[in-house]
There are 2 protein chains.
Amino acid sequence: MARAAATKGQTRIQREKTEQILEAALEVFASYGFRGSTIDQIATQSGLSKPNILYYFDGKEAIHAVLLGRLLDTWLEPLQSLSDSSTPIDEICAYVHRKLEMARDFPRESRLFANEILQGAPRLLNELQGPLKALTDEKAALIQNWVDAGKISAIDPHHLLFSIWSTTQHYADFDVQVRAVLGSCEGDCFQTAQAHLDHMFRALLKP
Amino acid sequence: MARAAATKGQTRIQREKTEQILEAALEVFASYGFRGSTIDQIATQSGLSKPNILYYFDGKEAIHAVLLGRLLDTWLEPLQSLSDSSTPIDEICAYVHRKLEMARDFPRESRLFANEILQGAPRLLNELQGPLKALTDEKAALIQNWVDAGKISAIDPHHLLFSIWSTTQHYADFDVQVRAVLGSCEGDCFQTAQAHLDHMFRALLKP
DNA sequence: AAAGTTCTTGACCGATTGGTCAGGTTGCTT
DNA sequence: AAGCAACCTGACCAATCGGTCAAGAACTTT
């Protein structure tokens with residue numbers, strides 16, 4: 001018997017297939033949200049049969065839960081590593097850079113998250129009000145210290161974070177719109193985006 | 001026979017009921033996306049029976065299409081009215097202000113749009129590549145003129161627009177996250193957001 | 001190579017989905 | 001108040017949904 005749960009002591013096949021399923025499910029859930037996705041879609045996407053998927057996971061909800069669980073860890077990591085520094089502006093811009101890289105390299109994860117939030121975050125609200133709020137408050141206090149020390153301009157730390165999150169994730173979540181507006185993007189639009197955001201936040205933060 | 005299509009020459013009842021249905025459908029589609037929404041949900045939300053809804057609209061897709069059609073008109077209007085001015089920075093900040101007001105006053109429309117883009121904009125791609133791109137290019141050229149005249153700092157006009165769209169709509173689309181992070185927001189969080197965004201874009205644009 | 005476990009699937013189930021339809025009810029016109 | 005069109009609904013349908021199950025196939029262990 002397989003049935004998810006314990007992530008330890010797995011067969012080779014179990015490891016391969018669960019990963020294969022999660023990979024396909026990420027693709028599907030990121031595109032259609034939880035309610036709009038079907039197990040059959042995940043089956044087709046992964047090349048497995050529907051009963052086979054349900055052999056490894058206890059249901060649609062269980063697959064989604066695993067994806068969301070993994071998500072927050074990696075999603076909050078860049079903010080985790082935002083730490084005190086003698087050059088706060090560089091520190092914040094490095095955070096912006098990391099977030100933009102994640103939007104480029106993990107757009108599906110970004111869209112999975114966006115879909116969940118957009119639909120009221122029914123399966124994520126506790127995480128938002130707990131760990132996310134705690135971490136955000138902690139880093140907001142750090143930024144406030146920089147403000148008080150006159151090292152950066154007088155901005156609202158929480159709204160600064162919102163601006164960073166929204167501008168960077170925009171390139172993943174609204175990627176279709178970005179491409180439509182830019183036309184077939186000359187080279188890598190992420191490079192010009194990087195330059196723009198760097199310029200913007202440096203201008204904003206300069207004391 | 002009713003059956004949508006012509007918006008002219010309608011009965012009182014037709015006008016009332018179609019509006020009632022669209023109002024409910026906006027609520028539902030904005031929350032669950034197209035695929036995740038059901039006609040039954042719209043029926044419950046509007047207080048009408050399912051067959052009655054299908055008496056006024058040719059199907060789920062038709063309702064969604066009407067909503068999307070209405071959306072783009074009102075959605076692009078603020079950008080439409082961005083025009084040449086002797087004080088470009090004020091002009092752009094007024095645009096930011098209008099966009100933020102729309103995020104506050106029409107969050108469901110914002111989420112409907114976000115859901116559609118997030119899912120690849122299958123029913124909106126033509127509009128994006130046509131009218132939206134045309135309008136965006138036109139206004140980007142206007143902004144570029146301001147840059148060339150040295151009236152604002154040297155920014156990429158398209159990415160400036162992306163930053164405006166993402167930061168303002170964030171307060172509608174990610175409202176759950178915003179509220180979770182801020183805790184029960186002291187007073188109106190849109191006021192502090194307005195101040196923050198005004199500060200940010202003025203700092204960015206100052207020559 | 002036999003035995004035991006893990007893995008896989010076609011067939012199936014009840015519930016929900018988008019949508020239809022015949023027939024009844026309501027509202028407007030004269 | 002009669003007649004007609006507009007409006008509304010319960011019952012129904014085929015397709016799809018999430019999920020089950022018995023039985024067979026493949027892999028491991030001995």
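The sequence lines fix the lettering, A, B, ..., with proteins before strands; numbering per chain opens at 1. As a basis for the values below, the full set of heavy atoms in this structure was taken, side chains included, without hydrogen atoms, waters or symmetry mates.
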Any side-chain N or O of [X] less than 4.0 Å from the OP1 or OP2 oxygen of [N]?
X        : N      : result
Gln14(A) : dT6(C) : no
Tyr56(A) : dT8(C) : yes
Tyr55(A) : dC7(C) : yes

To the nearest Å, give me how far apart [atom1] ([X]) and [atom2] ([N]) are.
X        : N       : atom1 : atom2 : answer
Lys60(B) : dG18(C) : NZ    : P     : 5 Å
Asn52(B) : dG19(C) : CG    : C1'   : 14 Å
Gln20(A) : dT8(C)  : CD    : P     : 9 Å
Phe29(B) : dG18(C) : CZ    : P     : 9 Å
Gln41(A) : dG19(D) : CD    : C1'   : 17 Å
Ile53(B) : dG10(D) : CD1   : P     : 13 Å
Lys50(A) : dG19(D) : NZ    : P     : 9 Å
Glu16(B) : dA6(D)  : CD    : P     : 17 Å

Problem - Test applied, side chain to side chain contact (heavy atoms under 4.5 Å, CB included); reference residue, His196(A); option that passes from His199(A), Met200(A), Gln194(A) - result: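 The single option meeting the side chain to side chain contact (heavy atoms under 4.5 Å, CB included) with His196(A) is Met200(A).
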Collect all protein-nucleotide pairs involving nucleotides 26-28 of chain C in which both atoms are nitrogen or oxygen and the distance is under 3.5 Å.
from	atom 1	to	atom 2	distance (Å)
dC28(C)	OP1	Arg12(B)	NH2	3.0

Exercise for the section: Report yes or no: do Thr136(A) and His158(A) form a side-chain donor-acceptor pair below 3.5 Å? Expected result: no
Exercise for the section: Tell me which of Ser37(B) and Pro51(A) sits closer to the 5' end of DNA chain C, going by the nucleotide each one is nearest to. Expected result: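 Upstream on the strand: Pro51(A).
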Problem - Which residue lies more 5' along DNA chain D, comparing Ile39(A) with Leu48(B) via nearest heavy atoms - result: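 Its nucleotide being nearer the 5' end, the pick is Leu48(B).
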Exercise for the section: Mind running side chain to side chain contact (heavy atoms under 4.5 Å, CB included) on Thr44(A) and Gln41(A) for me, showing each step along the way? Expected result: CA-CA 5 Å; Thr44(A) 302; Gln41(A) 283 178 289; 5.8 Å; no
Practice task
May I ask you to say whether Glu61(A) pairs ionically with Arg123(A), meaning some side-chain N is under 4.0 Å from a carboxylate O?
Solution key: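 So Glu61(A) pairs with Arg123(A) through a salt bridge.
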Problem - Leu54(B) side chain, from C-beta outward: closest of dC7(C), dT20(C), dT9(C) - result: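 Between dC7(C), dT20(C), dT9(C), the one nearest the side chain of Leu54(B) would be dT20(C).
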Practice task
Would you indicate which nucleotide in dT8(C), dG18(D), dC21(C) comes nearest to any side-chain atom of Thr38(A)?
Solution key: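 Among dT8(C), dG18(D), dC21(C), the one nearest the side chain of Thr38(A) is dG18(D).
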Practice task
Mind checking ring-ring contact (aromatic ring centres under 6.0 Å, His included) for Trp146(A) and listing every partner two or more places apart, or none if nothing turns up?
Solution key: none
Completion exercise
Phe34(B) meets the ring-ring contact (aromatic ring centres under 6.0 Å, His included) criterion, sequence neighbours left out, with Phe29(B), His64(B)
Handout entry: Audit row: Asp175(A), His170(A), side-chain hydrogen bond (donor to acceptor under 3.5 Å, both in side chains) steps and yes/no
Key = CA-CA 7 Å; Asp175(A) 142 276; His170(A) 185 82; over 6 Å; no
